[in-house]
Amino acid sequence: MRKILKSPTGLIGTVLLAIVFFVTVFGPWVAPYDPQAFDPINRLAGPSLQHWLGTDQYGRDLFSRMLNGAPSTVAFGLGATLLGVGVGSIIGVIAGVAGGRTDSIIMRILDGMLAMPELLFTLLIVTFLGGGTTQAMLAVAVTFTPGMARIARSSVLSVRTREYVLAAQARGESQSWIVGREVLPNALGPIIVEATIRVSFAIMIGATLGFLGLGAQPPSTEWGLMVAESRQFMFRNPWCVAVPGLAIAITAMGFNLFGDALRDAFDPKRSH
Amino acid sequence: QGSEPVPGGTLKVSHSTRIATLNVLSNSGPAEYPCMDMLYSGLTRMGFDNQPQPDLATEWTANDDATEFTFSLREGVTFHDGTPFTADDVVATYETILNPDVPSAARSVLTMVESVKAVDDLTVKFTLAAPFADLPYSTAHANARILSRAALEDDISKLDTTANGTGPFKLDTYDSARMVRLVKNENYYKPGQPYLDAVEMMLFPDLAAETANFLSGETDVMLTVQQADYERIASSSGIEGQQIGAGRYVCVVMRQDQEPWNDVRVRKALGMAIDRQLMVDIILEGLGRPAYDSIVAPELEFATDKPEIAYDPEGARALLAEAGYPDGLDVTLIASDRPAIRAQAAIVMQQTAAAAGFNLEIRTMPHDTYLAEEWMQGDFYIGYWGMQPTIDATYNLLLTSDASYQDTEWKNEEFDSLIQQGRSTANPEERAEIYAQAQALELEDKPYIVPFFEDVLTASRENVHEWSVAPISRFYFVEDVWMDQA
Amino acid sequence: MSLAYFLRRFGAVLVVLCIVSVAVFSITTVLPGNAALMILGENASAENLAALERQLGLDQPLIAQYFQWVGGVLQGDFGTSLRLQLPVAQVVGDAFWNSMALAAIALVSVTIIAIPLGTLAALRRGSVWDLLIGLLSYVGTALPEFVTATLLLVFFADPARQLLPAGGFVSPTEDFGGFLEHAILPSATLGLILMAHISRQVRSELSEVLSSDYVRAARLKGLREKRVIRRHALPNSLAPAVAVISLDIGYLLGGIIVVEEIFAWPGLGRLLIYALQNRDLPVIQAVTLLLAVVYALSNLLADVVIAKLDPRVRYA
Amino acid sequence: MSNRIRTDDAGSKIERPVLDVSHYSMLYDTEAGPVTALDDVSLKIWRGETHALVGESGSGKSTLAWAITRYMADNARDTNGAILLSGEDMIGKSRWDLEALRGKRIAMVFQDPSSSLNPSMRLGDQLAEVLVRHRGMTWDQARTEGEAALDRTGIAKPKEMMQRYPHEASGGEKQRVVIAMAFACNPELIIFDEPTTALDILTANQILDLFVRLREETGVAALYITHDLGLVARIASTVSVIHKGSIVERGDLSKVFAAPEHPYTRKLLAALPRPEDRLALPAPETDAPLFEARDVGVKYNTPGWLTRILDSNAAPLWGARHISLDVRPGELLGIVGESGSGKSTIAKAATGLNPYEGEIRFDGRTFPSRDDFDRQYRREVQIVFQHPDASLNPRETIGGILSRPLKLYGLVSRGRVAARVRELLEMVLLPADYANRYPHQLSGGEKQRVAIARAFAAEPKLVICDEITAALDVSVQAAVARLLVNLQKRSGAACIFITHDLNLIRQLAHRIVVFQRGALVDAFDVADAGTPDRHPYTRALLDAVPVPHSVDLSADPMESLT
Ligand SMILES: Nc1ncnc2c1ncn2[C@@H]1O[C@H](COP(=O)(O)OP(=O)(O)OP(=O)(O)O)[C@@H](O)[C@H]1O
Ligand SMILES: Nc1ncnc2c1ncn2[C@@H]1O[C@H](COP(=O)(O)OP(=O)(O)OP(=O)(O)O)[C@@H](O)[C@H]1O
Ligand SMILES: [Mg+2]
Ligand SMILES: [Mg+2]
Ligand code: NI
């Protein structure tokens, strides 16, 4: 952790993430207004003392909505990533450990899944599942699975030929002991790094799905949906698209920067 | 602003939904209707006054009990390919419309037609199974346009991409992804018309893009203007906005064979718990009128004035308590995500009804899921309907016991028989009386909550004259449109 | 590059596409709702619905539909769009070229900008330039396309200012200038993420190469700095950059879906969304398959380019 | 001693040294503050002279080389002294001047030819560009001249070599190209930074010969950096010994070798393996083998069907084939051979890491395949690997690592594990509190000792050591070898010791087998190493290794175990 804080990217990333997590946990409580409450007189207003970041087309307070949307947006990112990374890693580890035919069959199928552009694949799945937040989360998780499986597999493969694993094999250790104690702990680094960076992708894809009407649905305060709902009004009040848009950007950037710093910290080449 | 029409010019009309098919029998897209109106003619055609006008039929007569109609056809009309138009084409068209094996949208308003016969080359006779005074309205149905027998006997799927009609314009290019181009029909039956050389229907799926292109002068007409943009667009220089009072409405479907909607007091309470003016202001940006729980638009013939229902959360709460829900009511309101107005209506309802003890949880779902799982099945959802030409058509669509889309399970024999009477009565005063009773029944029982009627909004550049949209937005009379020539 | 290597890669592409085709078909056919319902919408009566389903062939068993489709695809016939009632090949054909034009403009212009930016950042590590470019790339990767697009619209396409068209499409054969003008904002949107990605990759790759032994050796040979960069450092950092670009084509193809929708660009992405909304299965299948093919082929092409750039893989 | 090559004398000195480093000091700025890397270094090299710079890893050898060429890390800072090239001050030179001077007057050859050549440029172009740059030739002239230069380095087909890319040439060929490049402009000074370390012994030998020949032809002054004292003796006339950034001893080679003054020099010299200083235990009396490999072969990469269709010649790759060897109890068997000859392959087969054909017999039992290896076999046959960094799980403490075999084989009761771990650590001369450390807190030599301890913890009958000293510093190598013999003596285990270092193995082994391209080509008793009936390949190997002077050193071997 100290290593992460030392690099400027890591520091900025950590600060951004801290803000994001603060907002996620406390945002709904500190919000000055009910995120759904109308203020018909102040529709589409710019920032003012009354509404710090302005209001949307119903006169709902953008600041409160943004704060209120944080938990669902962040939870979406974390949930989808956790699910995708979890399942992907299991598949990848199985492929990497089993090797041989199992490995090549799994890899061929994963290649097939990876041959579709990520968003396209997500779209198909989410349409198949019928739209909505949970469905979108599942879809993103499924989309992440093949990529994560590959990373997990290559990570496992690179560890599997290390000499300490060979030594354990030569010693006659059981397969499960080798996987659990020698391979996994050392293969975890790249997986964690990738997962962190993927959270930002998950958030962005989730927002995109919300935007396309396939993710969160009104009256949710999910940020992507907020952009979609008020896009019509963007020329009348740019704030109503800028606020949620920048919220997404800041969150994604936080995870990105933090992930990069984490990668540097894990990278033996850069650490002394 | 010259008053004498000048011929020539290409009218560029922007629209935001695809012209997915040219099949006049079944299409229903907002941008498909103007194309149909330009490419084809029907026996009759709805005017801006909501009355049937002569089109290919120059005049019509009915027998006394309104079971037989005779239409005299216009002479010397030819299809775009030059073949002459005769009574036989009319017969072929109506036989196809009535054929249950062919999907056709007009069939639902023509179910009473028993047979269509050509009396001679320029006369057809409709025989009805039951009296139906509004037949000339039905023949004006946007999907009941006359096709040639040749086209109908050919592969019917060719209708999707080709058109051989008798309308003022001929098909030139059909590219559903971008543009449909129509050119002047030199042999149109109105002499000297159309004035325009061509019309280009240009697709802009993104509203922002469409607006920007219209404002910058790339297009001449914006077929549909969104409420959010109307003021800005209409007030731009060189642009004329049109706000046409019409009968498109959102309705709240409450299945009346289900708790709690089987109790009229609950329905009434919900009606009082809705701030209709707020909805008009926020959702329609003021471009519409509050409606008071009747699906009959004020524009329709025989429409009665509906008493105003004020926003009265206290009263609603009391009524709800009376109905056995003193602690309020938790219900889930379903809204499809398309068009956005459904979810918007739900959101405003949720906010205003909360004060009356209605805890509405909104579930917005993709339109396909909605169609497959909720529509006609769910017990509390947001419906959205276009204007129908007559009270009869309006009620037969939704409220009579055998209506096409009976989604409320509100069945009232008295109401049914009134509608039936209205059909067979030719005398206008009598009909007015009958329809007034029917509307009173509707108001009393409140099968639907109808919060507002939406105006039709369109806009054109100043150099475009006579651009207009009929309230039921299926008829455009583009042959009358002309442009100043630079 | 040996023949075996190429054949193996090509074979892998075919296998992958087979899997994709099965996946696409199975996902699409189990989508809820159906085209007839979507076409008729709330005008559907049971009778009309049945008639339309019959007409569209939706009443046939799935397997029959699948084999019909596969058989057709192999002969270049993707069937008929359920919604548009046009041959899918025709519907998809134009859209395909429009999309490719957009993607190509984005990719080419971005590459032209991003590679020098990355180079600059790597050569001036720690400088203000490096910082700015790094910042740009972080911001770029953190903005989803729809946010970028919306912000660009607010800034550049505000009707009050009319700097650039807010969307739409002009055929390049009719008015090339207009075509380019309309392509600016969508391709800029697509380009931002790519630019961030590519410049960052070039920077890190080049930094690595610059600290490699052979660059040191080249400098110790007394070569001029310009030659060291051009002949020794850059060529060796390009191959990995190309690898990244080829992966980014995946993003690009995903990105067009959103960007085309927002900017009303009549391409595959818009077509896909339209088809998804209308359950137009043949179109969904064709577009998906096409995008997968483009992606696979571009990866294959990238491998060939990499083999050209890097003699080490040429005989792998 | 027979193949020692030296310059005739130092008589060809002219008035001014080519390189004159005087009282030079520099430091690196690090996060932990400035670190002095070179401290008051003085050094003179005259024309025609080869000066060796020796010292262990991290002593500052490369740092000095970079400082001389003025190609320094960003965080490097000169603090004192001067560096003169033929009298010209290098420190004050502009970037422009340096560019013009490098490659022309001063050239450098690196350790690893594969990484110091641009992988995407033809060798010919890389050679020619120096000529174009510094000798003003056109490209055509430069290519012709380059060919001639390559010819002088003894490359068989220079024309063809010019057209190749680095990956298409062998390590030796690449290093020849690099050397040709260094000599191309007749520089005054060439710096060699361990130019043969990455090459196998035979190739290294040829490169050294080439270097000596070219030096003689051109009379260039050379700074030769190495940590291999044995090699120094063959090429240099003067030597500086560097230790922690300071030159601790400097002078004529023979003088320094014969009578080292500084303790550090003595330590370095003591660490040199000399075949005559036998470390091995007395040879076992019995003839009954403990371990026997009978016609063992290991296959890698059976080609896939597509490859077989396209290339009918495709055949499985044999890592090793038809290998038969045996080890007696308590014996140490050496395996030598060039890189890739199959040494590790056999080691892995014997420990169940590679499937094999043929038969392995151990302690009276026969194992036709690796699936037959049981727990007892696995306990009794242990392996130690080459890379100390890779052979310990970085996420386990040393104690955890050492206790694993104890628990796995149930060798001691649960309560005794910690005590036994302490014993094991002491056995390999490590402090007992290392048990709580993680591998990255240990030095390379210490890690290797832990790995050895782990092998002996299983109380094995046979320990296979796969180049366990190769990645270690010279001084540490000797200590580890001694430790191994020591442990062998205590436990009575037999040992298979795989190595490149012939001098070392002649100290340690009872018998030696020689591998070449996957086959066993020679097997002999250590005493018979010099006999004429050795396989030609064995002889070439032996000839390639210089046997260092025997110096009278009374250093205690254990002193160097730090
Ligand atoms: N850029 C740098 N910053 C800080 N310390 C450095 C830097 N480069 C080298 N060092 C340190 O300086 C010391 C000398 O390193 P140098 O590379 O000169 O050793 P060497 O004698 O060449 O070793 P080897 O035999 O392993 O090549 C080492 O302790 C090394 O860690
Ligand atoms: N896992 C593997 N797959 C394919 N080929 C291999 C594998 N391991 C080794 N080889 C090949 O088998 C041959 C023998 O390799 P091996 O590692 O036994 O050599 P070695 O004598 O130990 O060499 P070194 O001295 O470099 O360690 C080499 O040609 C090598 O490339
Ligand atoms: Mg060094
Ligand atoms: Mg080996
Ligand atoms: Ni990436």
Side-chain angles (χ1 to χ4, degrees), chain A residues 8-9 12-13 16 108-131 197 200-201 203-208 210-214 223-224 227-228 230-231 234-235 238 241-242 244-257 260 269, chain C residues 12-13 15-24 27-28 30-33 131 134 138-139 141-148 150-151 153-155 157-160 200 208 249-258 261-262 269 272-273 276-277 279 284 287-289 291-296 299:
Chain A
T9 47
I12 302 174
L16 288 184
R108 275 298 90 73
I109 294 175
L110 294 183
D111 280 348
M113 290 166 81
L114 283 170
M116 270 185 268
E118 222 164 69
L119 187 61
L120 173 65
F121 194 47
T122 320
L123 268 182
L124 281 184
I125 296 172
V126 81
T127 321
F128 159 56
L129 293 173
I197 294 176
S200 79
F201 283 108
I203 288 176
M204 296 204 311
I205 298 182
T208 305
F211 177 78
L212 291 176
L214 290 164
W223 295 336
V227 177
S230 40
R231 233 174 74 75
M234 67 186 170
F235 293 125
V241 292
L246 293 181
I248 296 169
I250 287 173
T251 311
M253 208 151 111
F255 279 103
N256 253 335
L257 287 165
D260 274 2
K269 255 196 286 183
Chain C
V13 167
V15 171
V16 159
L17 289 180
C18 278
I19 294 171
V20 169
S21 88
V22 171
V24 166
I27 292 179
T28 49
V30 289
L31 291 178
L131 199 73
Y138 272 113
V139 172
T141 37
L143 283 171
E145 282 95 352
F146 72 95
V147 174
T148 321
T150 311
L151 295 180
L153 278 175
V154 170
F155 283 118
D158 189 330
R200 195 150 72 176
E208 198 141 293
I249 289 178
Y251 283 97
L252 190 67
L253 295 179
I256 58 171
I257 298 176
V258 176
E261 184 69 9
I262 293 179
L272 178 74
I273 294 211
L276 277 176
Q277 283 172 347
R279 294 288 173 274
I284 299 175
V287 172
T288 315
L289 203 60
L291 286 178
V293 168
V294 171
Y295 189 33
N299 283 343

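Order of the sequence lines fixes the chain letters, A, B, ..., with proteins taken first and strands second; residue numbering starts at 1 for each chain.
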So which of [options] has the biggest tally of heavy-atom pairs under 4.5 Å with chain A?
options                                : result
C:Leu253, C:Thr288, C:Asn299, C:Leu272 : C:Thr288
C:Gly255, C:Gly134, C:Gly254, C:Gly269 : C:Gly254
C:Thr148, C:Thr150, C:Val147           : C:Thr150
C:Val294, C:Ile257, C:Leu289           : C:Ile257

Working to the nearest 0.5 Å, report the span between [atom1] of [X] and [atom2] of [Y].
X        : Y        : atom1 : atom2 : result
A:Ile203 : A:Ile250 : CD1   : CD1   : 12.0 Å
C:Ile249 : C:Leu291 : CD1   : CG    : 12.0 Å
C:Tyr251 : C:Glu145 : OH    : CD    : 10.0 Å
A:Ile205 : A:Leu119 : CD1   : CG    : 6.5 Å

For [X], is it the side chain, the backbone, both, or neither that has a heavy atom closer than 4.5 Å to a heavy atom of chain A?
X        : value
C:Ile273 : side chain
C:Leu153 : both
C:Leu143 : both
C:Val287 : neither

Compare every heavy atom of C:Tyr138 with every heavy atom of C:Arg200, then report the nearest pair and how far apart it is.
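Smallest heavy-atom distance, with atoms named: NH1-CE2, 2.9 Å.
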So which atom in A:Leu114 and which in C:Tyr295 form the shortest heavy-atom distance, rounded to 0.1 Å?
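It is O-CE2, 3.3 Å.
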Between C:Ile284 and A:Thr127, is there a side-chain heavy-atom distance shorter than 4.5 Å?
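The answer is no; the side chains never approach within 4.5 Å.
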For residues A:Val126 and A:Leu212, determine if any side-chain heavy atom of one lies less than 4.5 Å from a side-chain heavy atom of the other.
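Heavy-atom side-chain distance check fails, nothing below 4.5 Å.
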Is it the backbone or the side chain of A:Arg231 that comes under 4.5 Å from a heavy atom of chain C, or both, or neither?
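For A:Arg231, the contact with chain C is made by the side chain alone.
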Counting only heavy atoms closer than 4.5 Å, note whether A:Ile12 contacts chain C via side chain, backbone, both or neither.
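Contact with chain C is absent: no heavy atom of A:Ile12 under 4.5 Å.
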Measure the acute angle between the ring planes of C:Phe146 and A:Phe211, then classify it against the limits of 30° and 60° as parallel, tilted or perpendicular.
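It falls in the parallel class, under 30°.
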Find the one option among [options] whose heavy-atom pairs under 4.5 Å with chain C are most numerous.
options                                : result
A:Val241, A:Ile248, A:Leu257           : A:Leu257
A:Asp111, A:Thr208, A:Val227           : A:Thr208
A:Ala207, A:Pro238, A:Gly254, A:Ala252 : A:Ala207

